[in-house]
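First listed ligand is number 1; within each ligand, the first listed atom is number 1. Note: hydrogens, waters and symmetry copies are ignored here, and every other heavy atom, side chains too, is used.
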Amino acid sequence: MEIKQAEFVTSAVSSDQYPKDNRTEIAFVGRSNVGKSSLINTLVNRRKLVKVSSTPGKTRLVNFFIVNNQFYFVDLPGYGYAKVSKFEKQSWGKVIETYLSNRRQLGMIILLVDCRHKPTQDDVIMYNWIRYYGYQYTIVATKIDKLKKSELVKNLKIIRETLNLGKEDKIFTFSSLKKYGKEELLDLFDQIVDCQN
Ligand code: GTP
Ligand code: MG
């Protein structure tokens with residue numbers, strides 16, 4: 001797939017604010033600061049389509065971007081950021097859950113995990129949740145420019161074990177800094193968008 005065009009469409013907190021046109025959606029979830037917004041910018045070849053946070057926990061809304069006038073990328077709030085109040089954590093959790101729990105046009109969820117860290121309890125919950133609801137999903141390990149090859153191999157094994165991934169689950173690797181992993185993800189999206197339209 002080649003991305004020729006990407007535009008911000010809308011931000012939403014509740015489902016009545018989501019786009020109503022039934023185009024396929026590809027959603028990005030993961031801990032705050034894992035690199036969701038950077039990954040989207042890298043995929044669409046724009047440095048600033050999505051705001052990248054200097055302070056984590058800035059994306060609090062569900063943001064929709066239309067791609068090639070054909071499907072949506074959906075940037076979800078990051079979870080697990082320690083320095084926010086319990087109330088805020090709950091309200092973000094609700095924003096994420098509202099979107100994920102009932103979205104027929106959601107063609108795939110991309111779950112991002114930082115390649116440097118063992119997945120957290122929140123990551124495990126998210127992964128199990130995605131499985132439970134039966135969405136198609138892909139796991140992406142981000143920021144791989146930060147590790148040596150040998151460390152990466154070791155950490156991918158830890159990620160696999162902690163999430164308890166199935167044998168058939170592949171972990172994609174990505175670096176927004178080095179623009180690594182982009183083509184592989186775009187090829188995957190081709191299949192999703194084709195088979196849903
Ligand atoms: P929230 O919106 O808070 O949930 O964060 P996010 O997941 O959207 O992360 P974001 O893309 O804003 O990136 C967080 C920080 O990580 C920024 O300082 C980025 O520059 C940095 N970052 C993102 N991707 C990479 C990467 O591939 N390599 C390196 N070295 N840094 C990255
Ligand atoms: Mg973000």
Side-chain angles (χ1 to χ4, degrees), residues 3 6-13 25-67 72-100 108-127 129-130 137-149 151-153 155-156 159 163 171-186 188:
I3 294 187
E7 292 303 329
F8 171 77
V9 176
T10 193
S11 291
V13 281
E25 293 171 357
I26 296 174
F28 299 85
V29 296
R31 268 165 59 195
S32 182
N33 209 41
V34 69
K36 295 177 292 301
S37 303
S38 303
L39 180 137
I40 295 175
N41 284 336
T42 304
L43 291 178
V44 303
N45 259 328
R46 295 257 293 272
R47 284 201 304 140
K48 290 183 180 164
L49 179 67
V50 193
K51 226 187 241 151
V52 169
S53 34
S54 45
T55 41
K58 280 284 186 233
T59 314
R60 296 166 189 216
L61 305 164
V62 183
N63 293 311
F64 293 84
F65 302 87
I66 191 154
V67 183
Y72 290 100
F73 278 159
V74 184
D75 190 20
L76 289 163
Y79 50 78
Y81 182 52
K83 288 186 191 163
V84 298
S85 69
K86 198 167 170 196
F87 175 77
E88 269 193 301
K89 275 187 195 163
Q90 280 173 349
S91 80
W92 293 354
K94 189 133 181 49
V95 169
I96 298 171
E97 199 182 319
T98 301
Y99 173 74
L100 291 179
M108 177 168 276
I109 301 179
I110 313 295
L111 174 60
L112 283 70
V113 291
D114 190 319
C115 74
R116 295 169 296 172
H117 309 302
K118 184 176 163 167
T120 62
Q121 194 56 35
D122 286 333
D123 292 323
V124 175
I125 290 169
M126 183 57 75
Y127 174 72
W129 200 91
I130 293 166
Y137 62 89
T138 296
I139 314 290
V140 175
T142 60
K143 307 192 186 184
I144 64 157
D145 55 278
K146 296 215 181 223
L147 289 182
K148 285 192 247 153
K149 182 82 207 278
E151 293 171 322
L152 179 64
V153 170
N155 283 14
L156 290 179
I159 291 168
L163 293 178
I171 304 177
F172 286 65
T173 49
F174 201 88
S175 165
S176 295
L177 194 76
K178 303 273 185 204
K179 312 244 179 291
Y180 176 88
K182 187 176 154 177
E183 297 308 323
E184 205 181 9
L185 271 182
L186 289 177
L188 181 74

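For F8, the CZ atom counts as densely surrounded, since its 6.0 Å shell holds more than 12 non-hydrogen atoms of other residues, nucleotides or ligands.
Under a 4.0 Å heavy-atom criterion, D145 is in contact with ligand 1. Heavy-atom distances between S175 and ligand 1 reach below 4.0 Å in at least one pair.
In this structure, the side chain to side chain contact (heavy atoms under 4.5 Å, CB included) partners of L177, at least two apart in sequence or on a different chain, are D145, S175.
K36 places a side-chain N or O within donor-acceptor distance of the main-chain N or O of R31, the cut-off being under 3.5 Å. Side-chain atoms of D75 do not come within 3.5 Å of backbone N or O of N63 as any donor-acceptor pair.
Counting heavy atoms closer than 4.0 Å to ligand 1, residue K146 contributes side-chain atoms (C-beta onward) but none from N, CA, C or O.
The Mg ion (ligand 2) has an N, O or S atom of S37 closer than 2.8 Å.
Counted by atom type alone, D114 and T142 present zero donor-acceptor pairs between their side chains at under 3.5 Å.
Of all atoms in ligand 1, numbered sequentially from 1 with element shown, those under 4.0 Å from a heavy atom of L177 are 26 (C), 27 (O), 28 (N). Ligand-side atoms of ligand 1 in range of G78: 4 (O), range being under 4.0 angstrom from any heavy atom. Heavy-atom proximity to S38, at under 4.0 Å, picks out these atoms of ligand 1: 10 (P), 11 (O), 13 (O), 19 (C), 23 (C), 24 (N).
Remark: K143 NZ to N33 CG distance equals 4.5 Å, nearest 0.5 Å. Rounding to the nearest 0.5 angstrom, the gap separating the CG atom in D123 from the CD1 atom in I159 is 9.0 Å.
Between S32 and ligand 1, a contact under 3.5 Å exists for at least one N or O pair. Residue G35 places at least one N or O, backbone or side chain, under 3.5 Å from an N or O of ligand 1. Residue-to-ligand polar distances keep P77 apart from ligand 1: every N/O pair is separated by 3.5 Å or more.
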